A.B. asks: 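For reference, the structure I am asking about is given below.
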Amino acid sequence: MKKIRVLVSGAKGKMGSEVVRAVSAESDLVLAGAFDSIGAGKDSGEAAGIGANGVIIADSLQKALRESKADVVVDFTTAEGFGARATSVLKAGCRLVSGTTGIPAKEIR
């Protein structure tokens, strides 16, 4: 069975850390990458409180997309810049799941 490769955008935040923990606990998912402007360079597992997992938080979404070869990006960041992040994810050929709140309807379209 092929595991789904997941990149977490906003990996250092409260909800992003929850996603890191949840993905890590599932046998059919693999944490392929992590992005956050806060905590860049740190191990995402340590940042999420589950111990080192070898997935280092990147400071650039484009770098994380390139290196992770993710199938899916779970975005828990801020509404500011959402359109640019979403465009980058979709152009990279990934599916996007967003839990980010406050995104203006114009950005979503």
Side-chain angles (χ1 to χ4, degrees):
M1 166 175 57
K2 180 183 184 273
K3 292 186 178 192
I4 298 170
R5 298 179 58 80
V6 180
L7 185 155
V8 179
S9 177
K12 183 72 170 79
K14 182 178 178 182
M15 291 306 298
S17 292
E18 285 293 331
V19 175
V20 168
R21 288 191 285 275
V23 168
S24 299
E26 295 298 321
S27 62
D28 57 344
L29 303 176
V30 62
L31 184 65
F35 158 70
D36 203 313
S37 57
I38 300 170
K42 297 183 186 218
D43 184 283
S44 62
E46 288 179 349
I50 58 173
N53 61 14
V55 178
I56 304 303
I57 300 172
D59 62 354
S60 158
L61 178 58
Q62 288 72 21
K63 178 181 177 183
L65 286 165
R66 197 172 45 253
E67 293 178 357
S68 70
K69 297 179 177 52
D71 300 307
V72 175
V73 175
V74 178
D75 181 68
F76 267 104
T77 56
T78 61
E80 182 181 340
F82 174 79
R85 284 190 308 278
T87 299
S88 293
V89 168
L90 297 174
K91 282 185 177 181
C94 298
R95 302 282 196 251
L96 175 63
V97 176
S98 180
T100 300
T101 59
I103 303 166
K106 182 179 177 182
E107 285 282 308
I108 294 171
R109 282 192 287 279

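Note that the coordinates shown come from a computational prediction; the quantities given were computed from them, not determined experimentally.
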A.B. asks: Please enumerate all residues that pass side chain to side chain contact (heavy atoms under 4.5 Å, CB included) together with Gln62, with sequence neighbours excluded.
C.D. replies: Ser60, Arg66, Ser88
A.B. asks: Which atom pair, heavy atoms only, marks the closest approach of Leu31 to Val23?
C.D. replies: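 Result for this residue pair: N-CG1, 3.7 Å.
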A.B. asks: Got a sec, which pairs hit side-chain hydrogen bond (donor to acceptor under 3.5 Å, both in side chains) with one end in residues 41-56, sequence neighbours left out?
C.D. replies: Ser44-Asn53
A.B. asks: Shared ILVMFWY cluster between Val89 and Val19, side chains joined below 4.5 angstrom?
C.D. replies: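 Not linked; separate clusters.
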A.B. asks: If two hydrophobic side chains count as joined below 4.5 Å and joins carry through other members, does Ile103 share a cluster with Met15?
C.D. replies: no
A.B. asks: Tell me the side-chain hydrogen bond (donor to acceptor under 3.5 Å, both in side chains) pairs involving residues 20-31, sequence neighbours left out?
C.D. replies: Glu18-Arg21
A.B. asks: Mind checking what makes side chain to side chain contact (heavy atoms under 4.5 Å, CB included) contact with Asp71, not counting sequence neighbours?
C.D. replies: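 Partners of Asp71 by the side chain to side chain contact (heavy atoms under 4.5 Å, CB included) criterion, ordered by chain and then number, come out as Lys2, Ile4, Arg5.
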A.B. asks: Quick test of your reading: applying side-chain hydrogen bond (donor to acceptor under 3.5 Å, both in side chains), list the pairs with at least one residue in residues 72-85, sequence neighbours left out, ordered by first then second residue.
C.D. replies: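 Passing the test, one end in residues 72-85: Ser9-Asp75, Asp75-Thr77, Asp75-Arg85, Asp75-Thr100, Thr77-Arg85.
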A.B. asks: Sub-3.5 Å donor-acceptor pair from the side chain of Asp59 to the main-chain atoms of Ala40, do we have one?
C.D. replies: no
A.B. asks: So which heavy atom on Gly10 is nearest to which on Asp36, and how close?
C.D. replies: C-OD2, 3.1 Å
A.B. asks: Flag the pair Leu7 / Leu61 as yes when at least one side-chain heavy-atom distance between them is below 4.5 Å, and no otherwise.
C.D. replies: yes
A.B. asks: Using a cut-off of 6.0 Å, state whether more than 12 heavy atoms not belonging to Ile38 lie near its atom CD1.
C.D. replies: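 Result for CD1/Ile38: open.
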A.B. asks: Identify the two heavy atoms, one from Ala47 and one from Ser17, that lie closest to each other, and give their separation to 0.1 Å.
C.D. replies: O-OG, 4.0 Å
A.B. asks: How many angstroms lie between CD1 in Ile56 and CZ in Phe35, if you round to the nearest 0.5 Å?
C.D. replies: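 Ile56 CD1 to Phe35 CZ: 15.5 Å, rounded to 0.5 Å.
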A.B. asks: Answer yes if Val74 and Leu29 sit in the same cluster of Ile, Leu, Val, Met, Phe, Trp and Tyr residues linked by side chain heavy atoms under 4.5 Å apart, and no otherwise.
C.D. replies: yes
A.B. asks: Of all the heavy-atom pairs spanning Ala64 and Ala34, show the shortest one and how long it is.
C.D. replies: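 Here Ala64 and Ala34 meet closest at CB-O, 4.0 Å.
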A.B. asks: Let me check something: do Val73 and Val30 share a hydrophobic cluster, defined by ILVMFWY side-chain heavy atoms less than 4.5 Å apart, either directly or through other members?
C.D. replies: no
A.B. asks: Taking only residues two or more places apart in sequence, or in another chain, which ones meet Ser37 in a side chain to side chain contact (heavy atoms under 4.5 Å, CB included)?
C.D. replies: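 Testing Ser37 for side chain to side chain contact (heavy atoms under 4.5 Å, CB included), a comparison that skips the adjacent residues, returns none.
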A.B. asks: Kindly write out the residues that satisfy side chain to side chain contact (heavy atoms under 4.5 Å, CB included) with Ala86, not counting sequence neighbours, or none if the list is empty.
C.D. replies: Phe82, Leu96
